[in-house]
Amino acid sequence: MVDVTWNPGFRNRVRLLAGIEQEELDNDSLDLLMDISAEWYYEQIGTAFTLDSNDTDNNAVMYYSCYLACIAQNGMGIERIQVGDLAVYYEGDAFIHFKELAEQQLVMKNSLSIKTTAYNADPYLGQVNWDKNVTGVDSTKDMYPRPRGTGGD
């Protein structure tokens, strides 16, 4: 279980993007959905979500909250209901984009974690220490032999 104190600004952002009024989804219900989103964040990243600590984290949880709010508001799994001549079709693809946006925020957060202060690629010698570039630890071997004519043969 997560312990996040949600503020009105975050709730309003979720409601605005999801197109849901406060009368349709009250604060307690929305807070429960945002708690589920924070738990999803924890499962994806491995660290607890802290509100307003990082914009990328906030956006990921906000988009996932929008996704869950749309599911709670519109239902899920019904494709077609037909009673006599009356037919109702359900289209769930409209709010799946919120889930994709949330996942993209996490991918962006993880892909930007490569250490760029000690980037050590040498395109002329074919030597790249990938472990040092990613973790900062200098322990990987050269991936390619030194090219001929570069002073190493």
Side-chain angles (χ1 to χ4, degrees), residues 1-81 87-144 146:
M1 193 71 171
V2 297
D3 185 26
V4 179
T5 303
W6 303 104
N7 60 34
F10 197 82
R11 286 187 197 108
N12 290 338
R13 290 173 65 187
V14 170
R15 282 196 179 102
L16 178 67
L17 288 176
I20 296 174
E21 296 293 329
Q22 185 167 355
E23 295 80 25
E24 298 170 342
L25 195 61
D26 64 355
N27 285 346
D28 291 337
S29 299
L30 186 59
D31 288 354
L32 178 61
L33 294 176
M34 292 189 299
D35 285 345
I36 294 170
S37 297
E39 290 170 1
W40 168 82
Y41 174 88
Y42 177 77
E43 290 299 319
Q44 301 299 313
I45 298 296
T47 59
F49 172 73
T50 304
L51 185 63
D52 294 332
S53 65
N54 183 302
D55 288 339
T56 305
D57 296 344
N58 285 347
N59 288 340
V61 171
M62 177 187 63
Y63 289 137
Y64 202 79
S65 297
C66 289
Y67 171 67
L68 294 177
C70 288
I71 288 174
Q73 183 68 21
N74 300 309
M76 185 171 138
I78 301 169
E79 291 183 17
R80 181 177 178 179
I81 299 174
V88 177
Y89 295 93
Y90 168 74
E91 182 64 47
D93 294 338
F95 50 85
I96 196 72
H97 298 295
F98 285 123
K99 182 175 182 271
E100 293 169 354
L101 285 169
E103 291 168 347
Q104 287 173 1
Q105 292 294 311
L106 296 183
V107 167
M108 184 171 62
K109 176 187 174 75
N110 289 334
S111 65
L112 293 178
S113 65
I114 294 176
K115 298 189 183 310
T116 56
T117 56
Y119 192 73
N120 60 5
D122 188 342
Y124 302 106
L125 298 179
Q127 297 173 331
V128 178
N129 188 334
W130 292 109
D131 193 35
K132 185 173 182 180
N133 291 339
V134 175
T135 64
V137 177
D138 190 11
S139 65
T140 52
K141 297 180 179 179
D142 293 335
M143 293 182 64
Y144 302 106
R146 191 177 197 87

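All values reported here derive from a predicted model rather than from experimental measurement. Quick note: residue numbers are just sequence positions, from 1.
- Residues passing the salt bridge (charged side-chain N to carboxylate O under 4.0 Å, His left out) test with Glu103 are Lys99, sequence neighbours excluded.
- Closest approach of Phe98 and Leu17 over heavy atoms only: CZ-O, 3.2 Å.
- Heavy-atom minimum distance, Asp26 versus Arg15: C-NH2, 3.4 Å.
- Screening residues 53-71 for salt bridge (Lys or Arg N to Asp or Glu O under 4.0 Å), with sequence neighbours left out, gives Asp57-Lys109.
- Of all heavy-atom pairs spanning Tyr42 and Ala48, the tightest one is CD1-N, 3.6 Å.
- Take Phe49 and apply the ring pair (Phe, Tyr, Trp, His ring centres under 6.0 Å) test, not counting sequence neighbours, and it matches Trp6, Tyr41.
- Contact between Ala72 and Leu33 at its shortest, heavy atoms only, is CB-CD1, 4.0 Å.
- Remark: Gln104 pairs with Leu101 by the side chain to side chain contact (heavy atoms under 4.5 Å, CB included) rule, at least two apart or across chains.
- With rounding to the nearest 0.5 Å, the separation of CD1 in Ile36 from CG in Leu68 is 6.0 Å.
- For the pair Ala60 and Gln105, the tightest heavy-atom approach, listed with the atom from each and the gap, is CB-CB, 3.7 Å.
- Taking OG1 of Thr50 as the reference point, atom CG of Asn58 lies at 9.5 Å (rounded to 0.5 Å).
- Rounding to the nearest 0.5 Å gives a distance of 8.0 Å between CD of Gln22 and CG of Asn12.
- Every residue meeting the side chain to side chain donor-acceptor pair (under 3.5 Å) condition with Glu100, not counting sequence neighbours, appears here in chain and number order: His97.
- When all heavy atoms are compared, the tightest approach of Phe10 to Met34 is CD2-SD, 3.4 Å.
- Distance CG/Asn59 to OG/Ser65: 11.0 Å, rounded to 0.5 Å.
- Distance check: Cys66 SG to Ile20 CD1 gives 8.0 Å after rounding to the nearest 0.5 Å.
- Here Asp31 pairs with Arg11 under the salt bridge (charged side-chain N to carboxylate O under 4.0 Å, His left out) rule; sequence neighbours left out.
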